Amino acid sequence: MLTINYLKENPAEVIERLKVKNFDASKLVQQVLDIDQERRQNQQELDSILAESNALSKEIGIMFKNGKAAEANEAKAKTGELKEKSRLLTQRSNEIDSEIWKLLVEIPNVPHSSVPAGKGEKENVEIKSAGTIPQLHKDALPHWDLAKKYDIIDFELGNKLTGAGFPVYKGKGAKLQRALINFFLDKAEEAGYTEVQPPILVNEYSGFGTGQLPDKEGQMYHCTLDNFYLVPTAEVPVTNIFRDVILNAKELPVQYTAYTPCFRREAGSYGKDVRGLNRLHQFDKVEIVNVAHPDRSYEVLDSMVAYVESLIKALGLPYRILKLCGGDTSFTAALTYDFEVYSAAQEKWLEVSSVSNFESYQANRLKLRFKDDNEKKTQLAHTLNGSALALPRIVAALLENNQTEDGIRVPEVLAKYLKFELID
RNA sequence: GGAGAAAUGGCAGAGUGGUCGAAUGCGGCGGUCUUGAAAACCGUUGUCCUUCACGGGACCGGGGGUUCGAAUCCCUCUUUCUCCGCCA
């Protein structure tokens with residue numbers, strides 16, 4: 001969430017820039033400012049009451065020590081009124097805090113000044129397009145048919161075990177998954193990321209920290225008995241490693257990578273785009289997470305974009321990079337680049353990565369701060385993350401684009417992870 | 001799952017109702033000394049809210065309570081450790 005101080009200092013700017021996200025913040029911002037005014041006044045009153053009562057208690061203690069019990073008991077009588085006052089002020093203070101909190105979580109992150117206005121996908125700006133779209137032979141098949149033909153992914157079986165959107169990878173299909181995960185993790189390590197294996201169930205504090213809760217509750221699978229959520233992305237557990245943490249400025253940027261399965265309910269998204277691997281309830285993904293100094297977070301974002309691009313290039317897939325418009329940029333992000341690869345048999349661009357700078361929006365929820373050795377104050381850090389990469393659509397594109405009459409060629413970079421060059 | 005013990009500052013570890021935000025040691029930072037380093041010595045060393053500032057307030061695992069006053073007493077939750085049971 002945005003900090004109150006930021007809202008207080010730049011109310012007009014916040015309102016103006018949120019229009020790019022098609023969000024009218026004017027009312028919310030005003031409400032926050034009004035309540036904050038009250039909060040401060042309330043706090044001051046409470047503090048002075050407490051100061052008075054602290055002083056009185058101290059005096060009473062000294063009186064008892066000096067054997068002046070009668071005086072002490074007299075003084076005690078005076079405390080009743082102070083207690084009642086402080087009780088009321090404390091109660092009001094709690095109410096105010098929760099009111100402010102409710103308002104703040106409803107205000108989206110302010111988009112970066114370079115984010116174009118726009119309502120949806122169509123207004124996203126293509127900033128780069130590269131690679132060659134392959135000419136497929138005339139009997140070329142979409143990946144779901146290839147999966148069946150070579151018996152590498154079984155959608156019906158997953159349907160039997162769990163339900164739609166939970167495929168079973170078999171034989172060379174399973175090995176391809178494993179190879180991709182290892183390839184992505186090894187590359188991330190080379191790029192300076194530390195590998196972590198986080199839990200894939202998280203508590204509600206973690207869900208809140210990265211912004212999935214409270215508003216996107218319905219996107220996650222919820223284990224109600226223990227109140228845990230299945231992670232929709234490794235971003236959640238990995239970023240929450242830094243919840244309530246104060247880093248030393250020298251440690252920045254911190255770079256973590258993790259492979260996890262990801263679980264998404266995808267409620268309400270049935271229909272045309274969900275065939276085969278295009279949209280699943282469970283999928284594998286390697287994520288990269290950065291915690292950066294505010295002054296350098298956009299450099300870090302650029303480096304992440306370059307890194308993700310290098311992965312897609314290495315796999316030999318045609319791709320394009322989009323800068324998302326305001327309407328498509330998520331609630332919590334300030335700036336997002338999407339990567340899409342071209343899946344030649346479906347003749348479709350598939351989103352395989354989303355790289356975002358959240359600036360201090362998540363950090364404020366997480367209380368993730370850093371401190372310079374020679375500075376007294378702590379400062380909120382910036383958080384960034386990106387898929388590097390999500391497997392299913394990469395697999396879909398690889399299968400479709402690399403199909404030949406003899407079988408499906410496997411990218412050369414995976415050679416050291418696989419004992420075969422052809423899926424046949 | 002059952003029984004018991006514990007949770008204090010970066011770490012270790014005092015503190016069982018009153019000037020305790022908290023002794024002491026280690027570590028960190030600054031300094032003296034040194035050609036440099038070590039040792040020794042001196043100083044400093046948590047977070048948050050509020051205030052232009054002085055100052056004030058909150059925090060000793062989380063929440064609640066008792067009391068004029070709580071790190072200290074009570075309730076509750078969480079976590080850790082030990083023992084038993086179960087188990088990959």
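It should be emphasised that the depicted structure is a prediction, and the values quoted were computed from it without experimental measurement. Chain identifiers are assigned alphabetically (A, B, ...) following the order of the sequence lines, protein sequences preceding nucleic acid strands; residue numbering begins at 1 within each chain.
- Rounded to whole angstrom, the span from the CE atom of A/Met63 across to the C1' atom of B/rG18 amounts to 13 Å.
- Between A/Leu89 atom CG and B/rC49 atom P there is a gap of 20 Å when expressed in whole angstrom units.
- Rounded to a whole Å, the CD atom of A/Glu84 is 15 Å from the C1' atom of B/rC68.
- Separation of the C1' atoms belonging to B/rG85 and B/rG2 is 8 Å when rounded to the nearest angstrom.
- Searching all strands for a Watson-Crick or G-U wobble partner of B/rC87 with both distances below 3.5 Å returns nothing.
- If you take CG of A/Asn73 and P of B/rG69, they are 14 Å apart, rounded to a whole angstrom.
- Across the protein-nucleic acid pair, A/Leu56 atom CG and B/rU67 atom C1' stand 14 Å apart, rounded to whole Å.
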message = Apply salt bridge (charged side-chain N to carboxylate O under 4.0 Å, His left out) to residues A/Glu99 and A/Lys102 and explain how you reach the verdict.
response = CA-CA 5 Å; A/Glu99 281 170 40; A/Lys102 273 187 205 142; over 6 Å; no

Each nucleotide of nucleotides 54-64 of chain B classed B (base within 4.0 Å of a protein heavy atom), S (only sugar-phosphate) or -, in 5' to 3' order, makes --BSS------

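- Spacing of C1' atoms, B/rG27 relative to B/rG13, comes out at 14 Å, to the nearest Å.
- Rounded to whole Å, atom C1' of B/rU47 lies 16 Å from atom CZ of A/Phe370.
- Annotation: B/rA23 and B/rU8 have their P atoms spaced 16 Å apart (nearest Å).
- With C1' as the reference atom, B/rU34 and B/rG28 are 22 Å apart, rounded to whole Å.
- The gap from the C1' atom of B/rC11 to that of B/rG63 amounts to 28 Å, rounded to the nearest Å.
- Distances shown here put a side-chain N or O of A/Lys83 below 4.0 Å from the OP1 or OP2 atom of B/rG69.
- Under the 3.5 Å distance criterion, with hydrogens and angles disregarded, no donor-acceptor pair is assigned to the side chains of A/Asn109 and A/Thr332.
- Between A/Gln219 and A/Tyr229 there is no side-chain heavy-atom pair separated by less than 4.5 Å.
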key: A/Glu13 vs A/Arg17, salt bridge (charged side-chain N to carboxylate O under 4.0 Å, His left out): CA-CA, chis, key distance, verdict   = CA-CA 6 Å; A/Glu13 191 192 335; A/Arg17 280 167 67 182; 2.5 Å; yes

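- Base-pair partner of B/rG43: B/rC29 (Watson-Crick or G-U wobble, both distances under 3.5 Å).
- Distance check on atom C1': B/rA71 versus B/rG9 gives 12 Å, rounded to whole Å.
- Considering A/Thr378, A/Val245, A/Asp244 as possible partners of A/Arg369, the one that fulfils the side-chain contact (heavy atoms from CB on, under 4.5 Å) test is A/Thr378.
- Pair assignment for B/rU66 gives none, since no Watson-Crick or G-U wobble pairing has each distance under 3.5 Å.
- Counting non-hydrogen atoms under 4.0 angstrom, A/Ser57 reaches a base of the nucleic acid.
- The side chain of A/Lys371 contributes an N or O atom lying less than 4.0 Å from OP1 or OP2 of B/rU47.
- Atom name P, nucleotides B/rG31 and B/rA38: the rounded distance is 13 Å, in whole Å.
- A donor and an acceptor atom, one from each side chain of A/Gln177 and A/Asp284, are located under 3.5 Å apart.
- Atom C1' of nucleotide B/rC49 and atom CD of A/Glu45 are separated by 16 Å, given to the nearest angstrom.
- Nucleotide B/rC81 forms a Watson-Crick or G-U wobble pair with B/rG4, both donor-acceptor distances falling under 3.5 Å.
- Along RNA chain B, the nucleotide closest to A/Ile60 and the one closest to A/Arg39 are compared, and the more 5′ of them pairs with A/Arg39.
- With both ends at atom C1', the span from B/rC20 to B/rC42 equals 25 Å, rounded to whole Å.
- Separating the CD1 atom of A/Ile4 from the C1' atom of B/rC49 is a distance of 11 Å, rounded to the nearest angstrom.
- Pairing of B/rC20, defined by two Watson-Crick or G-U wobble distances under 3.5 Å, is not identified with any nucleotide.
- Residue order along RNA chain B, read from the 5' end via each residue's closest nucleotide, puts A/Lys250 first among A/Lys250 and A/Arg369.
- A/Lys285 and A/Thr233 form a side-chain donor-acceptor contact under 3.5 Å, judged by distance and modelled atom types alone.
- At least one side-chain heavy atom of A/Leu7 sits under 4.5 Å from a side-chain heavy atom of A/Ile107.
- Residues A/Tyr259 and A/Glu195 bring no donor and acceptor atom of their side chains to less than 3.5 Å of each other.
- Heavy atoms of A/Thr378 sit under 4.0 angstrom from primed sugar atoms or phosphate atoms, though from no base atom.
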